[in-house]
Amino acid sequence: MNRHAKIVSTAHYLPERCITNEQLNERFTALDKPEVVGKLAAGTGIEQRWYAPDDWASSDLALPAAKQALEKAGRKPEDVDLIILGTDSPDYITPSTSVVLQQKLGAKQAGTFDVACACASFPTALANAAGLLATNKHFRTILVVGVYMMRKLADPEDPTVFFYGDGAGAAVVEPSDEPGFIGSSFLADGDYSDCWGIYSGGTAEPASVESVQAGRTNVRMVKRYPPEINDEGWPLLFKRLSEQNGFTVDDVDQVIFTQVNRHTVELAAQNIGLPLEKAPMIMQKWGYTGSACIPMALSKSVDEGRIKSGDLVVMIGSGVGYNQAAVAFRM
């Protein structure tokens with residue numbers, strides 16, 4: 001019997017504190033940057049974002065989404081064989097955030113590992129889960145989580161804080177006789193690895209008093225991050241994935257793109273011939289939730305009945321580095 005990976009439940013968690021563009025505009029106007037928020041809002045469509053309590057870490061944010069996904073699947077934490085967590089805003093450089101989540105969740109039987117290819121992490125994690133289920137007969141239940149709390153790693157006076165919202169999404173993936181997982185595809189280009197990131201605190205430059213004072217332990221955009229990376233890369237990934245796995249855009253019920261910019265999603269949908277109503281967007285009301293945005297949008301679409309059993313869903317993620325990843329699932 002073939003073992004295909006099936007998404008059996010989804011969940012998402014949005015924290016309680018809403019930060020509006022008006023609130024951010026007050027901050028940046030006081031910093032003599034009154035044009036920042038309006039310009040970024042017009043370009044992205046983001047109207048607000050949500051913050052977790054300041055004493056939370058990413059694992060705390062991931063926990064409610066993980067619990068809810070397991071409850072929807074009728075599973076207990078001790079049923080989980082493996083936790084795969086995708087983020088580029090981890091609790092620590094080491095140990096992995098997935099093992100911290102394992103302890104907080106009480107998933108004592110589960111192994112864990114992190115996926116850290118920025119906002120392409122969730123599709124990459126799903127592809128990993130599918131491969132492991134196909135090749136390891138003892139695996140039954142894999143919990144895949146995406147979580148994002150980049151705003152805690154940002155300088156609050158940096159205009160890029162406009163983007164960052166906190167959030168988490170999760171999926172329970174289990175074996176099935178029928179697909180399930182259809183296929184995956186990946187792109188990367190390290191030529192852009194010096195554009196946007198956190199450049200002190202690792203082995204290239206261990207954190208020091210000087211690097212902290214200079215802001216190099218904060219996330220920051222150092223060079224222009226070209227929008228054509230996504231404008232061209234997302235349609236290319238869709239084309240490659242669909243051709244390799246024998247489906248067309250007309251067969252697809254939804255395509256969930258990284259939720260950073262409304263215009264980029266609109267352009268990608270247009271370029272692959274996808275009706276815009278099949279490209280859900282959450283960034284307007286939830287902000288940019290990075291490695292969590294795809295599972296959050298997936299869960300919201302399932303909850304609203306926009307994704308039903310049997311639907312073909314493509315997820316295309318894009319993160320700094322750059323890394324890009326796409327997966328296709330029959331729900």
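- Each side-chain hydrogen bond (donor to acceptor under 3.5 Å, both in side chains) pair with one or both residues in residues 114-130, not counting sequence neighbours, appears once here: Ser98-Asp114.
- With hydrogens and angles ignored, the 3.5 Å screen pairs a side-chain donor or acceptor of Arg3 with a backbone N or O of Asn136.
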Below 3.5 Å, can you tabulate the donor-acceptor pairs from side chains in residues 182-191 to any protein atom, sequence neighbours excluded?
from: Asp189; atom 1: OD1; to: Asp191; atom 2: N; distance (Å): 3.0

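- The backbone N or O of Pro295 lies less than 3.5 Å from no partner atom in the side chain of Ser299, so there is not a single donor-acceptor pair.
- Formation of a donor-acceptor pair under 3.5 Å by the Asp251 side chain with backbone atoms of Phe247 is not found in this model.
- Using a 3.5 Å distance cut-off with no hydrogens or angles, the side chains of Ser301 and Gln254 do pair a donor with an acceptor.
- No more than 12 heavy-atom neighbours from other residues, nucleotides or ligands sit within 6.0 angstrom of CD on Glu16.
- Judged purely by atom type and a 3.5 angstrom limit, Tyr199 uses its side chain to pair as donor or acceptor with the backbone of Trp196.
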Return a table of donor-acceptor pairs under 3.5 angstrom between the side chains of residues 35-44 and protein atoms on other chains or two or more places apart.
from: Thr44; atom 1: OG1; to: Leu40; atom 2: O; distance (Å): 2.8
from: Thr44; atom 1: OG1; to: Ile46; atom 2: N; distance (Å): 3.1

Side-chain donor/acceptor pairs under 3.5 Å, residues 264-277, sequence neighbours excluded:
from: Asn271; atom 1: ND2; to: Leu267; atom 2: O; distance (Å): 3.4

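- Applying the side-chain hydrogen bond (donor to acceptor under 3.5 Å, both in side chains) rule to pairs touching residues 64-77 yields Lys72-Asp303, Arg75-Glu174, sequence neighbours excluded.
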Identify every side-chain donor-acceptor pair in residues 47-60 under 3.5 Å, counting partners at least two apart or on other chains, and give the distances.
from: Glu47; atom 1: OE1; to: Lys285; atom 2: NZ; distance (Å): 2.5
from: Gln48; atom 1: NE2; to: Lys285; atom 2: O; distance (Å): 3.2
from: Arg49; atom 1: NE; to: Phe162; atom 2: O; distance (Å): 3.1
from: Arg49; atom 1: NH1; to: Ile19; atom 2: O; distance (Å): 2.9
from: Arg49; atom 1: NH1; to: Asn21; atom 2: OD1; distance (Å): 2.9
from: Arg49; atom 1: NH2; to: Asn21; atom 2: OD1; distance (Å): 2.9
from: Arg49; atom 1: NH2; to: Phe162; atom 2: O; distance (Å): 2.8
from: Trp50; atom 1: NE1; to: Lys285; atom 2: O; distance (Å): 2.8
from: Asp54; atom 1: OD1; to: Arg17; atom 2: NH2; distance (Å): 2.9
from: Asp54; atom 1: OD1; to: Arg151; atom 2: NH1; distance (Å): 3.2
from: Ser58; atom 1: OG; to: Ser89; atom 2: O; distance (Å): 2.5
from: Ser59; atom 1: OG; to: Asp91; atom 2: OD2; distance (Å): 2.6
from: Ser59; atom 1: OG; to: Lys104; atom 2: NZ; distance (Å): 2.7
from: Asp60; atom 1: OD1; to: Lys104; atom 2: NZ; distance (Å): 2.8
from: Asp60; atom 1: OD2; to: Ala57; atom 2: N; distance (Å): 2.8

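- Taking the six-membered ring for Trp, Tyr322 and Tyr225 have ring centres at least 6.0 Å apart.
- Below 30°, between 30° and 60°, or above 60°: for His12 and Trp286 the angle between ring planes is between 30° and 60°, a tilted geometry.
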